[in-house]
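Worksheet: the structure to be examined is printed underneath.
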Amino acid sequence: MLTLSGVGKRYPTGDRALKDIELTLPKGQVMALIGPSGAGKSTLIRCVNRLVEPTQGSIRLEDTELTKLSGHKLRHARRSMGMIFQEYALVDRLTVMENVLSGQLGYVGFWRSFLRRYPQEAVVEAFRLLERVGLPHAIDKRADALSGGQRQRVGIARALLQSPKLLLVDEPTASLDPKTSRQIMRLIRELCAERELAAIINIHDVALAQQFADRIVGLRAGEIVFDGLPSELDSEMLTTIYGEEEWDTTPEPMDDEAADDAPVDPPYARVMSSIEAGAVR
Ligand SMILES: Nc1ncnc2c1ncn2[C@@H]1O[C@H](COP(=O)(O)OP(=O)(O)OP(=O)(O)O)[C@@H](O)[C@H]1O
Ligand SMILES: [Mg+2]
């Protein structure tokens with residue numbers, strides 16, 4: 001349902017953030033996009049909804065070529081893509097309900113939404129969604145009175161209010177504790193299954209990606225270096241994606257003999273064991 005072919009992005013600064021990306025996402029597939037900081041994950045997601053203009057290639061969502069759209073056609077296409085950001089992307093001074101209803105902006109127009117007049121059906125649907133994401137009692141709370149996990153649930157409800165076909169999710173768990181992170185990922189996963197939504201989820205936590213995604217794509221320096229099943233992502237592949245230096249934070253051993261006896265680098269061991277634990281759902 002989503003196809004990127006030959007997609008490239010060069011920022012005006014000269015940074016080539018994406019190089020010749022080929023990617024097809026079938027309906028209903030949850031894909032995790034992993035890779036080191038600066039690999040181009042956010043750029044890729046933003047090229048899809050055209051918050052960033054790709055400088056090369058084609059991006060098709062079903063029958064629509066997204067790279068050629070402008071004006072109201074672009075706004076229309078964006079409605080079929082729900083964005084979920086880190087949980088702080090809410091309007092603090094607005095209530096939970098108002099934040100969710102702001103997901104209707106593309107439908108009701110700026111002024112109507114500015115005046116906070118929403119169609120009755122939208123309000124009913126927002127209620128339903130808040131119930132589904134586990135926040136039926138918080139509708140009148142101000143967003144700044146919520147915990148990080150609750151805020152992310154509001155963000156999810158807001159993205160779903162526009163009945164998207166595709167979810168674009170940028171680091172949904174970046175500042176959440178491990179348990180809340182798993183709950184949020186599970187919720188996104190379940191909602192995708194219920195609504196046959198495809199999703200691209202940028203995520204730094206490899207174990208979470210393996211636990212909740214159908215497919216993992218690894219980006220490195222703007223190129224896809226891995227595209228496969230969560231179970232196919234082994235330590236060698238992680239090194240290809242993240243590079244040796246990401247893992248190796250212990251001081252260099254003095255000589256070769258010492259290298260043989262060197263204990264496994266703790267951060268690396270921790271990541272690997274959490275992956276092994278996480279791989280069992
Ligand atoms: N607005 C911009 N102007 C110029 N260069 C940019 C811009 N946004 C990103 N870049 C560059 O593009 C490359 C990819 O950045 P991007 O934000 O897509 O990476 P990322 O994989 O999302 O990283 P992170 O994990 O840190 O969020 C980086 O080299 C970055 O410096
Ligand atoms: Mg990013």
Side-chain angles (χ1 to χ4, degrees), residues 1-35 38-85 89 102-110 113 155-156 158-172 188 191-193 195-203 213-228:
M1 57 112 43
L2 178 74
T3 308
L4 281 72
S5 44
V7 171
K9 171 65 187 177
R10 185 191 287 274
Y11 283 105
T13 48
D15 281 306
R16 280 191 76 195
L18 294 176
K19 299 168 197 160
D20 204 20
I21 298 292
E22 301 285 333
L23 191 67
T24 298
L25 195 68
K27 194 173 174 181
Q29 185 176 70
V30 176
M31 187 197 104
L33 190 57
I34 63 170
K41 305 181 296 296
S42 297
T43 302
L44 191 150
I45 273 194
R46 284 156 186 255
C47 281
V48 174
N49 68 6
R50 298 270 308 278
L51 286 176
V52 162
E53 293 296 334
T55 38
Q56 270 178 341
S58 134
I59 304 178
R60 295 186 74 83
L61 180 65
E62 294 183 329
D63 296 329
T64 310
E65 173 59 54
L66 297 175
T67 53
K68 294 199 167 60
L69 299 179
S70 60
H72 89 273
K73 285 187 174 160
L74 177 59
R75 282 195 298 279
H76 182 82
R78 277 188 180 142
R79 284 181 207 158
S80 51
M81 300 180 255
M83 276 295 276
I84 300 173
F85 304 89
S102 71
Q104 281 271 312
L105 241 162
Y107 283 115
V108 300
F110 175 76
S113 105
I156 293 168
R158 179 177 61 186
L160 291 176
L161 189 66
Q162 46 176 351
S163 305
K165 298 171 190 154
L166 171 70
L167 284 183
L168 300 169
V169 191
D170 203 352
E171 293 185 31
I188 294 174
L191 289 164
C192 285
R195 298 173 167 239
E196 282 199 297
L197 287 174
I200 300 180
I201 306 179
N202 284 353
I203 186 155
D214 300 315
R215 169 184 177 188
I216 297 193
V217 169
L219 264 191
R220 181 173 185 177
E223 291 177 289
I224 294 179
V225 293
F226 175 80
D227 186 348

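Since this is a predicted model, take the numbers as computed values, not measurements.
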* Donor-acceptor pair, Lys41 side chain versus Leu219 backbone, under 3.5 Å? -> no

* Criterion side-chain contact (heavy atoms from CB on, under 4.5 Å) on Val52 and Tyr11, from CA distance to verdict -> CA-CA 9 Å; Val52 162; Tyr11 283 105; 3.9 Å; yes

* For the side chain of Asp214 and the backbone of Val30, is there at least one donor-acceptor N/O pair under 3.5 Å apart? -> yes

* When you measure from the side chain of Lys9 to the backbone N and O of Gly222, does any donor-acceptor pair fall under 3.5 Å? -> no

* Asked: Would Val7 and Leu44 count as a side-chain contact (heavy atoms from CB on, under 4.5 Å) if you check the C-alpha gap in whole Å, the side-chain angles of each, and the deciding distance to 0.1 Å?
  -> CA-CA 9 Å; Val7 171; Leu44 191 150; over 6 Å; no

* To do: Under the side-chain contact (heavy atoms from CB on, under 4.5 Å) rule, what do Arg215 and Asp227 come out as? Steps first, then yes or no, please.
  => CA-CA 7 Å; Arg215 169 184 177 188; Asp227 186 348; 2.8 Å; yes

* To do: Kindly give the heavy-atom pair with the smallest separation between Leu18 and Gly40, and that separation in Å.
  => CD2-O, 3.6 Å

* Asked: Around Glu196, counting heavy atoms of other residues, nucleotides and ligands shown, do more than 12 lie under 6.0 Å from its CD?
  -> no

* When you look at Ile45 and Met83, which way does the side-chain contact (heavy atoms from CB on, under 4.5 Å) test go after all the steps? -> CA-CA 9 Å; Ile45 273 194; Met83 276 295 276; 4.0 Å; yes

* **Under 3.5 Å donor-acceptor, Arg50 side chain and Leu66 backbone** => yes

* Asked: Backbone N or O of Ile21 within a donor-acceptor pair of the Glu223 side chain at under 3.5 Å?
  -> no

* Asked: If you measure only the distance, is there a donor-acceptor pair under 3.5 Å linking the side chains of Thr64 and Glu62?
  -> no

* With a 4.5 Å limit on heavy-atom distance, are the side chains of Leu191 and Leu167 in contact? -> no

* Side-chain touch Leu2/Thr24, heavy atoms, less than 4.5 angstrom -> no

* To do: Please tell me if the side chains of Glu22 and Leu4 come closer than 4.5 Å, counting only heavy atoms from C-beta onward.
  => no

* To do: Check for a donor-acceptor pair, side chain of Thr67 on one end and backbone N or O of Ser58 on the other, with a separation under 3.5 Å.
  => no

